[in-house]
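Residue numbering restarts at 1 for every chain, and letters A, B, ... go by the order of the sequence lines. Computed over heavy atoms, backbone and side chain alike; hydrogens, waters and symmetry mates excluded.
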2 protein chains.
Amino acid sequence: MGTTQLETVPEPKYWHLKTVLSEALDSEFSVGEILPNERDLAARFGVARATLRQALEQLELEGRLQRRRGVGTTVAPPRVGVAVGTAQHAWPGGPNDAWQTLDCALEVPPAAVAEALVTGRDEPVHIVRRSRVSHGRPVAAELLYIPADSVPDLSGIDAPSGTARARAVLRELQRLELERQENAVELGSARADDARELDRLPGAPVLVVTTRFVARGRTAALSVATYRADTCRLTFGDSGGVEIHHGPERQAS
Amino acid sequence: MGTTQLETVPEPKYWHLKTVLSEALDSEFSVGEILPNERDLAARFGVARATLRQALEQLELEGRLQRRRGVGTTVAPPRVGVAVGTAQHAWPGGPNDAWQTLDCALEVPPAAVAEALVTGRDEPVHIVRRSRVSHGRPVAAELLYIPADSVPDLSGIDAPSGTARARAVLRELQRLELERQENAVELGSARADDARELDRLPGAPVLVVTTRFVARGRTAALSVATYRADTCRLTFGDSGGVEIHHGPERQAS
DNA sequence: AAGTGGTCTAGACCACACC
DNA sequence: GTGTGGTCTAGACCACTTG
């Protein structure tokens, strides 16, 4: 019989729930407004708390919600656009740099980094920590790996670590002529230290931007920057960025 | 009393589990090898299956594992680097384009897209579907939104839809002079249709690359491309990309 | 102390791939 | 049919923030 299959698609509950919540966010909630707690929401929709949480997790992943332990779940503001990559096309620490230099250490890098640099294993490199703030919120944490021979004239500096030394290392780096830089973005999860700096729990989804700075045909520095995936939209290329956001969210009073 | 807090950090079980599994993947498994099933693994580590799954989910998010319903969990190969953005700096559909044109329709775009284009609401635009394949695997699905007035001389074409019309639309687009393009990357979750095309379940994490093509001071086209976040590393900028991958994984025989 | 989200358990059933 | 990962439940306790 020509009865068209009545679409008996057993759509998962959490998926349907996510759709319903998403529409409710658009029409009934304002940015910053706090939602009912998970137990109440689960009861209201007639599902187990774990199922509700699966929906909330996805919405948080998409940047629609923000959850904080001990506080509650709030409607997130639209993602902020942050410029990465070829925008400046210059060494880190140069003028108009969006980053704040924290400190510096001389340590053996992870094996994967040592491989990308040409340094041998067990060979210590300068590791500069920096952080990036946008709209008053921390959005990224960076580790900059700089082989010792990229900054050969560092003898005059006595501070063994700290912000002063970090700045000195970056200053020395400027003296090299930057040939080009190579960028890559991939999805990762926040390590414990990054998570603390980004005000998130360990394992939170992050966008990892690795940048290789090439000078004199060699890798003179390697940057591994982790951006909060829930709050950031990375823009690159010619300029600006595309504004694509969701429905008519109002600002909470 | 001056006893230093003995760091009684109750690290979550799934987090510790993830670390253990990650090290095991480096040392004891080869790419493509299949892991024991979830029930066995959970029993082996003395945790509930849900807890084990939390660890597996994170490892999959990081591109270390690949899970397929009805089949099993396998060790994933390193992420493939795919070039996006300014690499070509040209209209879609041009020479050396990595994309495969699928079909075309004339429909009203989502509100968010209509806003980014300057078109009014309810005004239909050309929607070209394309897909991108790398190493024999689908890595991205794209929707290209093209306002009707970006391709004014489309009258000679009779095919109302299909691949032929899609190619015709792209061909017409080449006649405009491209001023610049703006790119952005953000995290998202796969819609049902994208998921099918990417061979993933709905909700799977994806990297959404939105590109705005500017010509004659206006947005002449808007591309929304969703890349599999588990298998892709997006490279952009000057050239190539950085190879950062994990420990000594061997190739399965 | 009370309330929130985060973790964890021990089950059950479902959808899918493969034999 | 058998075995896999995916979904769902109804609890419990923990870590954290706030009053």
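- Within residues 197-205 of chain A, the residues having any heavy atom under 4.0 Å from DNA chain C are, by residue number, Leu201(A).
- If you take CZ of Arg67(B) and C1' of dT7(D), they are 12 Å apart, rounded to a whole angstrom.
- The phosphate of dG6(D) has OP1 or OP2 within less than 4.0 Å of a side-chain N or O from Arg53(B).
- Looking at heavy atoms from C-beta onward, Val84(B) lies in side-chain contact with Phe236(A) at the 4.5 angstrom threshold.
- Atoms CZ and NE2, on Arg165(A) and His126(A) in that order, are 5.5 Å from each other to the nearest 0.5 Å.
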For residues 34-51 of chain A, run the donor-acceptor check on the side chains, cut-off 3.5 Å, and write out each pair with its distance to 0.1 Å, sequence neighbours left out.
unit_1: Asn37(A); atom_1: OD1; unit_2: Arg39(A); atom_2: N; d: 2.9
unit_1: Asn37(A); atom_1: OD1; unit_2: Asp40(A); atom_2: N; d: 2.8
unit_1: Glu38(A); atom_1: OE1; unit_2: Arg49(A); atom_2: NE; d: 3.0
unit_1: Glu38(A); atom_1: OE1; unit_2: Arg49(A); atom_2: NH2; d: 3.0
unit_1: Glu38(A); atom_1: OE1; unit_2: Arg53(A); atom_2: NH1; d: 3.2
unit_1: Glu38(A); atom_1: OE2; unit_2: Arg53(A); atom_2: NH1; d: 3.0
unit_1: Glu38(A); atom_1: OE2; unit_2: Arg67(A); atom_2: NH2; d: 3.3

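- Atoms CG and OG1, on Leu222(A) and Thr211(A) in that order, are 8.0 Å from each other to the nearest 0.5 Å.
- Taking a cutoff of 4.0 Å between a charged side-chain nitrogen and a carboxylate oxygen, Arg129(B) and Asp194(B) do not qualify as a salt bridge.
- Every residue was checked against the side-chain hydrogen bond (donor to acceptor under 3.5 Å, both in side chains) condition with Arg196(B), not counting sequence neighbours, and none meets it.
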What pairs of donor and acceptor atoms, side-chain ones from residues 130-142 of chain B against any protein atom, are under 3.5 angstrom apart with sequence neighbours left out?
unit_1: Arg130(B); atom_1: NE; unit_2: Glu142(B); atom_2: OE1; d: 2.5
unit_1: Arg130(B); atom_1: NH1; unit_2: Asp97(B); atom_2: OD2; d: 3.1
unit_1: Arg130(B); atom_1: NH2; unit_2: Glu142(B); atom_2: OE1; d: 3.1
unit_1: Arg130(B); atom_1: NH2; unit_2: Glu142(B); atom_2: OE2; d: 3.4
unit_1: Arg132(B); atom_1: NH1; unit_2: Ala83(B); atom_2: O; d: 3.0
unit_1: Arg132(B); atom_1: NH1; unit_2: Tyr227(B); atom_2: OH; d: 3.0
unit_1: Arg132(B); atom_1: NH2; unit_2: Ala83(B); atom_2: O; d: 3.0
unit_1: Glu142(B); atom_1: OE2; unit_2: Ser223(B); atom_2: OG; d: 2.6

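- One can place CD of Glu38(B) at 12 Å from C1' of dG3(D), the figure rounded to the nearest angstrom.
- Regarding Asn37(A), its CG atom lies at a distance of 5 Å from the P atom of dG5(C), rounded to whole Å.
- The line from CZ of Arg228(A) to CD of Glu197(A) is 12.0 Å long, rounded to the nearest 0.5 Å.
- With contacts defined as side-chain heavy-atom distances shorter than 4.5 Å, the pair Arg167(B)/Thr163(B) qualifies.
- In the helix from dA1(C)-dT18(D) to dC18(C)-dG1(D), the end axes, each obtained as the rotation axis mapping the C1' atoms of four pairs onto the next four within a five-pair block, lie 10° apart to the nearest 10 degrees.
- Leu17(A) contributes atom CG, which lies 11.0 Å from atom CD of Gln58(A) (distance to the nearest 0.5 angstrom).
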Tabulated below should be each protein N or O lying under 3.5 Å from an N or O of nucleotides 8-15 of chain C; please produce it.
unit_1: dC8(C); atom_1: OP1; unit_2: Lys13(B); atom_2: N; d: 2.2
unit_1: dC8(C); atom_1: OP2; unit_2: Tyr14(B); atom_2: N; d: 3.3
unit_1: dT9(C); atom_1: OP1; unit_2: Lys13(B); atom_2: NZ; d: 2.9
unit_1: dT9(C); atom_1: OP2; unit_2: Ala48(B); atom_2: N; d: 2.9
unit_1: dT9(C); atom_1: OP2; unit_2: Thr51(B); atom_2: OG1; d: 2.4

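- Rounded to the nearest 0.5 angstrom, Thr73(A) OG1 and Leu59(A) CG are separated by 10.5 Å.
- Between the C1' atom of dG6(C) and the NZ atom of Lys18(B) lies a distance of 16 Å, rounded to the nearest Å.
- One can place CG of Leu59(A) at 16 Å from C1' of dG5(C), the figure rounded to the nearest angstrom.
- Atom pair Glu60(B):CD and dG6(D):C1' shows a separation of 11 Å (rounding to whole Å applied).
- Rounded to an integer number of Å, the gap from Gln58(A) CD to dT7(D) C1' is 13 Å.
- The CD-C1' distance, from Glu57(B) to dG6(C), rounds to 14 Å in whole Å.
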